[in-house]
Each structure stands twice: as structure tokens, then as C-alpha cells.
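Structure, as C-alpha cells:
Here, residue 1 is the first one in the sequence, and each next residue gets the next number.
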Amino acid sequence: APEAGNRAEQLLHQLEQLPSNEVRKGYSPAMVYNSVMTAWAKSGEPIAADKVDALLERLETKYFSGDARAQPSKTTFLCMLGAYAKARIPDAEKRCESLLRKMKYYHDEMRIPGMEPDRSIYNAILNAIAKSHRPSSVAKVEEILTMMQSSTDQRLRPDIITYATVIDCHTKCGGDPERAEEILRFVLDKYRGGDKSLEPNAVFYSAVLQAWAKTAAPLGARKAEGLLRRNIELYEEGKIYAKPHAIMYNAVMDAIARSGESTSGPRAEDLLNEMESLYRAGNDELKPNRRSYNAVILAYRNAGDGGRKAEELLQRMEELSESGRPELTPDVVSYNCVISAIVDGGNSNKDDDTVADRAQSILDRMEQRRIRPDGRTYSPVIEAWLRRNDEKGHALAEMMLQQFLEKVDLEKRKRKPGKDHNLYEDAVWDVVNAYREKK
């Protein structure tokens, strides 16, 4: 939760203000600070990285002032690396190197047990660097992987999480999807050769599938579909490690959606229906979630003429969420994607005069369900009304524009310092300005 970090810091401050005789026996500053760091990590706030750095500095001040209970541990550094990853900071590589130097100082100079960087630390470093989304990160991640592979220390040798994270870095930082395929072959060869630490799992397979999904190309979608089908075949042959999971199906549906092919919608929906069928037959690991449905809606939207199907899927989500499947409750992404599918479909069917009303109806449903619309919601609705090019359309477009601007103004007035909630105002002004230029 966004407020988790601030609330945890407040509790820490209150605790540190207590008289020593009111602090319970066995109190450990290090454990408490670790918990606050974890709260900041979970907050996902951009400032989380700076906050955990400051907490480590305070903890070290206590420790070097003589409080042995404040000795940082490997857990402390893992909490910090988790915060770096969640915050998606661009300077993750630099910060990770700084933490590594600290850990090595504690281990080499101060002889503190358990502080030597091991596989868990390097996996966390790889994850933080991957989440930085910097193209230069690919080379650094590959450098770390090579070091781990060549190490004679078994505590440093890569495991399946290591390889999944390296693939994730290539995906997020503009690397080559063929590298994911290369790692897949390497891991399978090693595992079949007896290396049980490299037993593939759903997270690893999903990373490979996402690498192809991010290409946003028909070839990537076909590759992802082929890998999923191969996994299903392997599992049916008795290879337990290849057991399909919902996150794998989601990755393939995402790949199909991004390909933008005319057949994307039906292909993605076939996979969704397959998941639903297997889930109802008792396979809980294939239970579809919101992301599953959003991927199929996106596939219909990107195909260019899938507005009606997108509306049907949204209604299906709403009905299922109200009948005991809360994980399918539509979010702002679901509604925005359906509205875009309706309006984009209207571009290819100029005779459909229901487009604006249908798009407006979805926006109204969002409001009723207390889901906050943003610029990506309003811009296609305004575009649909303007496209009618009649008195009613112009009036309703103006009304929607004013309604959105009031929401933006309200949001700015109640926004807390340091917080930035993007309402995508530019998307709305792009539509309005494009219409004015045509006139």
C-alpha cells in the first residue's frame, strides 16, 4: 500500500521515543528497521529507495555507537534491494554496488558472520537492476551471471531464479528475445543432465514467454504459443516441471494481444476459455484472473474491430466478480481498454452511430463502481462525441472535457507533496487539439 512506508516510519518514531523501561525485553532495532524497510518496499513509492538508504544510515549510526542489537544483517540488505526493485530506480546499479561494498566490509573487515554476498543477494541485485529499465543494464546483468556461473562456491552458483531474472532484464531493458530462448535451452539441458537446482518452474517459463510477448510482433506471439503448447505436451508425457500455470497462459495471451493480428482476439479468447474449462475441472493453478481477461480485451482492441467482444468480456468479468470471483473485478485498465476498443472499432465502421453512447455508458459504469477514470478514459469518449460532428456530440464532448478538467483540478488540490498521480491529461488535449486543427 502507498502509505505503508510512512505509517511504518511513524510507528518507528513513536517506538524510539519511548523510555527505555517501557521497551519490551529482547527488543531488536535491526529487526524493527528491517520491517520498516519491508514496508517501504511494499509501498512501491519512488522515494522508497532513498528512505531505506536513510534507514540503513540510522541503523549503522546506532550500531557503531555501541548498540550491538542494531547490527545490520543479510536480511537488512535483502530488504533494501527489494525496495530498489519495487521503486524501479534508474540508478539501481550504482546503489547495488554500494551495498555490495558495505556487505564485503562487514564480512572481510569486521568478520561478521553471514554477511558474505551469496546467491540470494545477487539474485536480488539482478532483480533491482532489471527493474531499472535501462538498456545498459543488460551488460551488467550478463556480467554478474558470468561471475556466478564461473564461481567454485556453490552458494554463488546460479539457480532457476537467477536465469529467470536475467531473461526478465533482457525483456525490460531492450535485450534480445533470442537470448531467452538460448537460456531456456541451456537450463533444460542442465536440468536433464541432473542439476536439480535448475528445475524449470512457472516463473521461469513465464519470463521466456514474456520476452517474446514484448516484441509486439506476430513472430513473437507464434513463438510464445508454440512454447506453451510444447510445455503442455511435456506435462502430458509426465514431465512435472513443465506443468502449465496461469501466469504462463497470461504471458502468451499478452503476446497475442501485442501482435495486433486480425485473429488476435479469438486466439486469446480460446486460451482464456481453455483456462476457465480446466479451472472448473479442478485445476486451481489455471484459475484466470483480471490480468487474463484484460489481455483478451487488449487483443480485441488491438485487432481494430473488437468493440462488441470487448464489451461482452467486460460484462462477463463484472458478473463473475459479483458471483464469488472477486479477483476478476475490472479495474481502470479493463474499462479503458474496452472504451478504446469501442471507439477504435468505430473508426473502421463509420456507419455505426452507437459508438459514442456505448463508450459513454462504459465511463458511467466506472463512475457507478467507484473506479476513477483518467485521461485515457476521457480521451476516446470525447473523440467519439466529437466525431459525431453534430450539436449533441459537440455539447457532450465539451461537457466531458469540463468534467475531466474539474477532476484534474480536484486531484491537484488534494495531492500530497511528493506524490504524483498521473491522470494522463495529455491524452485528452491531444484529442481536443487534433479536432480544433481539423476545423
Residues R185 and D189 bridged, charged N to O under 4.0 Å: no
Carboxylate-amine/guanidinium proximity below 4.0 Å for E233 and R230: yes
Closest non-hydrogen atom pair, V338 against A310: CG2-O, 3.6 Å
Intermediate values then yes/no, salt bridge (charged side-chain N to carboxylate O under 4.0 Å, His left out), E116 and R155: CA-CA 10 Å; E116 186 175 13; R155 294 170 301 176; 3.4 Å; yes
Salt bridge E261-R267, side-chain N to carboxylate O under 4.0 Å: yes
Salt bridge K131-D168, side-chain N to carboxylate O under 4.0 Å: yes
Heavy-atom closest contact (P380 atom, S340 atom, distance): CG-OG, 4.2 Å
Closest non-hydrogen atom pair, A48 against A87: CB-CB, 4.4 Å
Value rounded to 0.5 Å, distance of CG in D430 from CD1 in I382: 11.5 Å
Side chains of N127 and T165, donor plus acceptor under 3.5 Å: no
Salt bridge present between D91 and R95 (N-O < 4.0 angstrom): yes
Sub-4.5 Å side-chain heavy-atom contact between E142 and L145: yes
NZ/NE/NH1/NH2 to OD/OE distance under 4.0 Å, K74 and D118: yes
Heavy-atom pair of closest approach, residues V381 and M400: CG1-CG, 4.2 Å
Side chain to side chain donor-acceptor pair (under 3.5 Å) against Y300, all qualifying residues, sequence neighbours excluded: E269
Trace of the salt bridge (charged side-chain N to carboxylate O under 4.0 Å, His left out) decision for E199 with K196: CA-CA 5 Å; E199 180 176 4; K196 299 304 179 185; over 6 Å; no
Salt-bridge contact K62-E16 (side-chain N to carboxylate O under 4.0 Å): yes
S136 side, atom OG; E93 side, atom CD - distance, nearest 0.5 Å: 6.0 Å
Distance-only donor-acceptor check, side chains Q315 and E319, under 3.5 Å: yes
Between D374 and T377: side-chain donor-acceptor atoms closer than 3.5 Å: yes
M31, CE atom: more than 12 neighbouring heavy atoms under 6.0 Å: no
CA sep, side-chain torsions, deciding dist, call: D153, S151, side chain to side chain donor-acceptor pair (under 3.5 Å): CA-CA 5 Å; D153 186 345; S151 176; 5.4 Å; no
Set of residues satisfying side chain to side chain donor-acceptor pair (under 3.5 Å) with respect to N283, sequence neighbours excluded: none
Stepwise salt bridge (charged side-chain N to carboxylate O under 4.0 Å, His left out) check, E322 with R369: CA-CA 12 Å; E322 291 167 1; R369 291 171 177 268; 2.9 Å; yes
Flag, side chain of T171 to backbone of I167, donor-acceptor distance under 3.5 Å: yes
Test: R365 and E318 ion pair at under 4.0 Å: yes
Residue pair L272 / Y293, side-chain heavy-atom distance below 4.5 Å: yes
Heavy atoms of other groups near E57 CD, more than 12 under 6.0 Å: no
Ring centre gap for Y241 and Y235 strictly below 6.0 Å: no
N-O pairing of R101 and E109 below 4.0 Å: no
Full working for salt bridge (charged side-chain N to carboxylate O under 4.0 Å, His left out) between K287 and E327: CA-CA 10 Å; K287 184 178 185 180; E327 73 281 357; 3.6 Å; yes
Any L219 side-chain heavy atom under 4.5 Å of T215 side chain: no
N231 side chain reached by K239 side chain, heavy atoms, under 4.5 Å: no
Considering all heavy atoms, the nearest L100-I125 contact: CG-CD1, 3.6 Å
Check against side chain to side chain donor-acceptor pair (under 3.5 Å), S334 and N294: CA-CA 6 Å; S334 314; N294 282 354; 2.6 Å; yes
More than 12 heavy atoms from other groups under 6.0 Å of CD1 on I183: yes
Within 6.0 Å of CZ in R290, more than 12 heavy atoms from elsewhere: yes
Validation row: D331, M317 side chains within 4.5 angstrom (heavy atoms): no
Heavy-atom side-chain contact between F186 and Y191 under 4.5 Å: no
Cationic N near anionic O, under 4.0 Å, E45 to K51: no
Donor-acceptor side-chain pairing of S197 and D159 below 3.5 angstrom: no
Counterpart residues, ring pair (Phe, Tyr, Trp, His ring centres under 6.0 Å), relative to Y378 (two or more places apart): F404
Any donor-acceptor N or O pair under 3.5 Å, side chains D344, N302: no
N34 side, atom CG; L78 side, atom CG - distance, nearest 0.5 Å: 9.5 Å
Residue list, ring pair (Phe, Tyr, Trp, His ring centres under 6.0 Å) with Y335, at least two apart or on another chain: none
Check: S132 side chain, I89 main-chain N or O, donor-acceptor pair, under 3.5 Å: no
Value rounded to 0.5 Å, distance of CD1 in I247 from CG in D254: 12.5 Å
Euclidean distance, M115 CE relative to I121 CD1, rounded to 0.5 Å: 8.0 Å
Carboxylate-amine/guanidinium contact E425 R376, below 4.0 Å: no
Minimum heavy-atom distance between G307 and R358, given as atom pair plus value: C-NH2, 3.9 Å
Side chain to side chain, M366 and R372, heavy atoms closer than 4.5 Å: no
Minimum side-chain heavy-atom gap V332-P373 below 4.5 Å: no
Side-chain polar contacts of residues 200-213 - donor-acceptor pairs under 3.5 angstrom, sequence neighbours left out - could you list them?
{"unit_1": "N201", "atom_1": "OD1", "unit_2": "V203", "atom_2": "N", "d": "3.3"}
{"unit_1": "N201", "atom_1": "OD1", "unit_2": "F204", "atom_2": "N", "d": "2.8"}
{"unit_1": "W212", "atom_1": "NE1", "unit_2": "E181", "atom_2": "OE1", "d": "3.0"}

Which residues share a side chain to side chain donor-acceptor pair (under 3.5 Å) with E97, sequence neighbours left out: K140
Rounded distance [0.5 Å steps], CD in E60 versus CG in L55: 11.5 Å
E274/R229 salt bridge by N-O under 4.0 Å criterion: yes
